Amino acid sequence: MGLAPIYVRRDPPDEPMRDMAGEHSTSPAARPSEPAATPDDFSAAAEGSRRRMIAAMGWDELSEAVANCRACRLCEQRKQAVLGVGDRKPQWLFVGEGPGAEEDARGEPFVGQAGKLLDAMLAAIGLRRGEGVYIANAVKCRPPGNRTPEASETAACLPYLERQIDLLAPRIIVALGRPAAQTLLNTEIKIAAARGRDFVYRGVPLVVTYHPAYLLRNLPDKVRAWEDLLFARQQLARVRDPKNKPLT
Ligand code: URA
Ligand code: SF4
């Protein structure tokens with residue numbers, strides 16, 4: 001007694017019993033009307049649940065998830081993933097492309113040559129890394145040979161950046177270079193055409209400028225980057241002015 005298996009009826013009680021005569025019906029009319037799930041359906045569902053999980057993470061979970069992430073092939077050659085650095089209640093968020101060799105080794109964004117120029121750009125408008133400023137990248141793992149990240153890689157990494165931006169709630173976002181701008185704006189742009197335009201990312205003003213690594217090779221464009229940062233500062237002043245309505 002008590003050892004007999006318990007049979008649980010799985011069919012809804014009002015479903016007619018099939019195959020009563022022991023025949024397996026194969027006519028299309030007898031098959032369930034919904035098409036069978038394909039592998040693509042499963043991966044879309046898995047991606048949806050991954051995005052929802054990331055969207056609910058706090059900083060500790062986010063750091064751990066990024067450190068252990070294998071969602072794109074950039075995980076294969078990284079030494080470590082680089083989440084971002086700085087003030088977690090910032091006014092300013094700068095978003096670059098992806099870690100280079102030094103960032104991969106040290107675990108902090110923009111610590112190589114391009115980073116020195118970024119620090120100088122920040123200083124030029126009275127800012128310092130870590131004080132009211134947070135710095136992140138579109139992809140958290142170093143693209144081999146510092147190649148440009150592919151669209152599939154920035155897409156795989158975007159949920160982390162989105163969650164970072166939610167948690168940071170910056171007042172102004174500066175996209176450094178094309179991959180960062182395209183990832184955040186979800187559209188193709190050219191920096192030369194997008195500079196000076198007032199974009200909005202989820203209610204936060206977003207401006208676009210040249211990537212510091214590009215500026216190291218194209219010194220005359222530094223003047224333009226300087227103008228872009230002044231424009232960003234104006235945009236920030238505009239959103240901070242209580243007379244102005246929030247952006248949508
Ligand atoms: N270039 C980037 O885009 N990000 C870094 O962190 C370093 C160099
Ligand atoms: Fe994950 Fe982003 Fe690294 Fe790709 S680049 S493995 S999505 S953390």
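Model, not experiment: these values are computed from the prediction. Whatever order the structure lists them in is the order used to number ligands and atoms, beginning at 1.
Among all protein heavy atoms, the one lying closest to atom 4 (N) of ligand 1 is Asn137 OD1, 2.8 Å. Ranking the protein heavy atoms by distance from atom 5 (C) of ligand 1 puts Gly98 O, 3.4 Å first.
Not a single heavy atom of Glu108 sits under 4.0 Å from any atom of ligand 1.
Pairs passing the ring-ring contact (aromatic ring centres under 6.0 Å, His included) check and including a residue from residues 97-126, sequence neighbours excluded, read Phe110-His211.
The closest donor-acceptor contact from the side chain of Glu64 to the backbone of Glu61 lies at 3.5 Å or more, if one exists at all. Using a distance-only test at 3.5 Å, with no hydrogens or angles considered, no donor-acceptor pair links the side chain of Arg50 to the main chain of Pro159. Between the side chain of Glu153 and the backbone N or O of Arg73 there is no donor-acceptor pair closer than 3.5 Å.
To the nearest 0.5 Å, atom CD1 of residue Ile173 and atom CG of residue Leu236 are 11.5 Å apart. In this structure, the separation between OH on Tyr134 and CG on Leu167 is 9.0 Å, given to the nearest 0.5 Å.
Annotation: side chain of Arg195 is in contact with side chain of Arg224 (closest heavy-atom distance under 4.5 Å).
Between the side chains of Tyr210 and Asn218, no donor N or O sits under 3.5 Å from an acceptor N or O. Side-chain contact of Lys140 with Gln164: a donor-acceptor pair under 3.5 Å is present, judged by distance alone.
Near Pro109, the atoms of ligand 1 lying under 4.0 angstrom from a non-hydrogen atom of the residue are 6 (O). Taking every non-hydrogen atom of Gly96 and a distance limit under 4.0 Å, the qualifying atoms of ligand 1 come out as 3 (O). Taking every heavy atom of Glu97 and a limit of under 4.0 angstrom, the matching atoms of ligand 1 come to 2 (C), 3 (O).
Residue Phe110 has at least one N or O atom closer than 3.5 Å to an N or O atom of ligand 1.
Closest heavy-atom approach to atom 1 (N) of ligand 1 among the candidates Gln113, Arg142, His211: His211.
With a 4.0 Å cut-off on non-hydrogen atoms, Glu103 touches ligand 1 through its side chain and not its backbone.
The shortest non-hydrogen separation linking Leu161 to Ala136 is CD1-CB, 4.3 Å.
Protein N/O/S atoms nearer than 2.8 Å to atom 2 (Fe) of ligand 2 total 1.
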